[in-house]
Engineer: 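Below is the structure I would like to discuss, written out as structure tokens.
Remember, predicted model here, so these are calculated numbers, not experimental data. To find a chain, count down the sequence lines: A is the first, B the second, and so on, and within it residues start at 1.
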Amino acid sequence: MKDESGQIAVDFLLGISLVLIALSFTMQFVPGLFTSGSAGESSLDYTAYRTATILVEDTGWWEHSTGNGTDWETHTSDLMRIGLAVDDEPGTRLTNVPNLISKDKIGQFMLLDESIMVEVLGLYNNVDGSRFAYGYNISITKKGAIINVNNTAITRGTTVPDDQEIAKISRIVLIEHGTTAVLKGDSITSSSSSKATVNITGPFEENITIQLQNLNISGVGPAFVNASLDGAILTQPADMTIYRLEGWDHSPFSGSLNGTDVICFNIDNSLFNMGTEYRIDLEFSNVTFNNTGTSFVNYNNISSPLYEPAYLTVEVWQ
Amino acid sequence: MNEKGQLHTLEGLAAALMITMTVLVISQSTMMVTPQNELAVNVHLEQLSSDALAVIDTADSGSVEHDLTECVSSWNMMEATYPASSLCDLDDELSYLLPGVLYNIELAYFKDQNLNVKKVIINGPPGENSVVVRRFVTITNETVNDAGGGWNLKEDELRVVEVRMTTWKV
């Protein structure tokens, strides 16, 4: 007897053909269902990461036939690279400070032409030889709100869409916010044993901050009494604000203090609009200043930029 | 003549084809993106953590109450016991910069040819996908005296301390 098993069954053939037809139909007619998602999205991730890193850690670079340097903010026509990190020596490439953002560079960054931005930061994708610019948003925020530098809100690009895959990277940066002078213990000069005195030469673009640390407590219930500018008493909050520095936080200062407090006087810059020397007296009770005399420390000689932490966020989408 | 086995060969071919197709479809589809996104989350966390240490280290005393060197110098040499931290200033400054992120801090340094690793901030056991970042500070007798710490260094001694931070998200 001839064994006839082993021949293909017609219903099996029908079944597999149907499956294959259905499968190929689905693959062909539902676009994007089986298309590769990994390539496009991860390149967005790379773009966001790269952009944030360049902005935060690099100083930028300009170059033409006779010169080069990192101070691109003053040579925007020869711009090669955008970076926001502070650099004290624009001629070298080794003196940048990552995470420390320069105010001048930020200012110029906000003025740059859109097409130059996209080109220099590489915020585009090449598809079949033609160039598509990514949507992007670069903002510097503090406590969720976009911060202002020189009265400009620091945000570039467009509003982030809700309905799209977005690659997002945040970096913590320090951003320049006026100047400060730190006076500690015996380095505080004073006009009397209860008054700390500082000379200040105007004018200033931003508010100034005087910080007092390691105060010498000499009685019970030490407290701040008042501040005066050339003899006129300053009022809060119109002329100045006073706070205690706790970590990064500015906590309210009620007047009474203790020896470990860092007291900051943030004084309005409009009070110093002439190019002359002003004198600030800070009067305390039950605090003794030992460095009493007639020559006082000058704010302008000891001040340094005041930095505050903020988040630089780069978001990129197709 | 035994002709059994023919259909099995064809079935085998069909099965192989289907397995290949399945693997191909899965590997090309969006489902594979998930682990990569997780990787991106880790990179993001690591970047933020390393920024937080860098920012505390870079800021000078006008901008922050105590910078990283001052914080480390002020350590009283006592290890932390959960949940208390023995470097409160650093703890406050980090939690300000890293909202929603938990972290443990260890200090590692060489003393008398021995490597010491001491826990100074403990927020619990690190979760999955934790990342470790580190930053080195150099402390001297002067910085220790200014900050009131208990390092007990010699007058001309330099000590390099590794600040090791393990961070994770909950």
Engineer: Compare every heavy atom of A/Pro305 with every heavy atom of B/Ser63, then report the nearest pair and how far apart it is.
Structural biologist: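 For B/Ser63 versus A/Pro305, the nearest heavy atoms are OG-O, 4.2 Å.
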Engineer: Where on A/Glu57 is there a heavy atom nearer than 4.5 Å to chain B: the side chain, the backbone, both, or neither?
Structural biologist: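 Answer is side chain: those atoms of A/Glu57 sit under 4.5 Å from chain B.
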Engineer: Roughly how far, to the nearest 0.5 Å, is the CD1 atom of A/Ile169 from the NE2 atom of B/His44?
Structural biologist: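 Reported to 0.5 Å precision, the distance equals 5.0 Å.
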Engineer: Quick one: what part of A/Leu306 sits under 4.5 Å from any heavy atom of chain B, side chain, backbone, both or neither?
Structural biologist: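 When you check distances to chain B, atoms from both the backbone and side chain of A/Leu306 fall under 4.5 Å.
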Engineer: When you measure from the side chain of A/Tyr49 to the backbone of B/Val43, do you find a donor-acceptor pair of N or O atoms at a distance under 3.5 Å?
Structural biologist: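 Checked: no pair found.
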Engineer: Does B/Met78, at its CE atom, have more than 12 non-hydrogen atoms belonging to other residues, nucleotides or ligands within less than 6.0 Å?
Structural biologist: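 Not more than 12 within 6.0 Å, no.
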Engineer: Any donor and acceptor pair, going by atom type alone, linking the side chain of B/His66 with main-chain N or O of A/Gly247 inside 3.5 Å?
Structural biologist: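 Not confirmed, B/His66 side chain does not pair with A/Gly247 backbone.
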Engineer: So which atom in B/Asp51 and which in A/Ile172 form the shortest heavy-atom distance, rounded to 0.1 Å?
Structural biologist: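 Smallest interatomic distance, heavy atoms only, reads OD2-N, 3.1 Å.
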Engineer: In Å and rounded to the nearest 0.5 Å, what is the OH to CD distance from B/Tyr96 to A/Glu246?
Structural biologist: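 These two atoms lie 12.0 Å from each other.
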Engineer: Checking B/Leu90 against chain A: side chain, backbone, both or neither under 4.5 Å from a heavy atom?
Structural biologist: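 For B/Leu90, no heavy atom lies under 4.5 Å from chain A.
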Engineer: In terms of heavy-atom contacts, does CD of A/Glu205 have more than 12 from other residues, nucleotides or ligands at under 6.0 Å?
Structural biologist: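 No, the 6.0 Å shell around CD holds no more than 12 heavy atoms from other groups.
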Engineer: So with a 6.0 Å cut-off around CD of B/Glu79, is the heavy-atom count from everything else above 12?
Structural biologist: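 Yes, because the 6.0 Å sphere around CD of B/Glu79 holds more than 12 heavy atoms from other groups.
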Engineer: Is any side-chain heavy atom of B/Val55 closer than 4.5 Å to one of A/Trp248?
Structural biologist: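 SC-SC contact between A/Trp248 and B/Val55 confirmed.
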Engineer: Between B/Leu48 and A/Ser170, which heavy-atom pair has the shortest distance, and what is it?
Structural biologist: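 The pair with the smallest heavy-atom distance is CD2-O, 3.5 Å.
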Engineer: Between B/Asp92, B/Leu17, B/Leu97, which residue shows the highest count of heavy-atom pairs closer than 4.5 Å to chain A?
Structural biologist: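 Greatest number of close heavy-atom pairs with chain A: B/Leu97.
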Engineer: Which heavy-atom pair separates A/Val19 from B/Met18 by the least distance, and what is that distance?
Structural biologist: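 Result for this residue pair: CG1-CE, 4.4 Å.
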Engineer: Who among A/Glu308, A/Arg171, A/Gln211 has the most heavy-atom pairs with chain B under 4.5 Å?
Structural biologist: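 Top count of heavy-atom pairs under 4.5 Å with chain B: A/Arg171.
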Engineer: Scan A/Asp249, A/Val262, A/Asp261 and name whichever one has a side-chain contact (heavy atoms from CB on, under 4.5 Å) with B/Glu65.
Structural biologist: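 The single option meeting the side-chain contact (heavy atoms from CB on, under 4.5 Å) with B/Glu65 is A/Val262.
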Engineer: Quick check for you: to the nearest 0.5 Å, what is the distance between B/Met21 atom CE and A/Leu20 atom CG?
Structural biologist: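 So the CE of B/Met21 and the CG of A/Leu20 are separated by 7.0 Å.
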Engineer: Quick one: what part of A/Ile16 sits under 4.5 Å from any heavy atom of chain B, side chain, backbone, both or neither?
Structural biologist: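 The answer is the side chain of A/Ile16.
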Engineer: If you look at every heavy atom in B/Ala54 and A/Asn99, which pair is closest and at what distance?
Structural biologist: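 What the structure gives for the nearest pair is CB-OD1, 4.0 Å.
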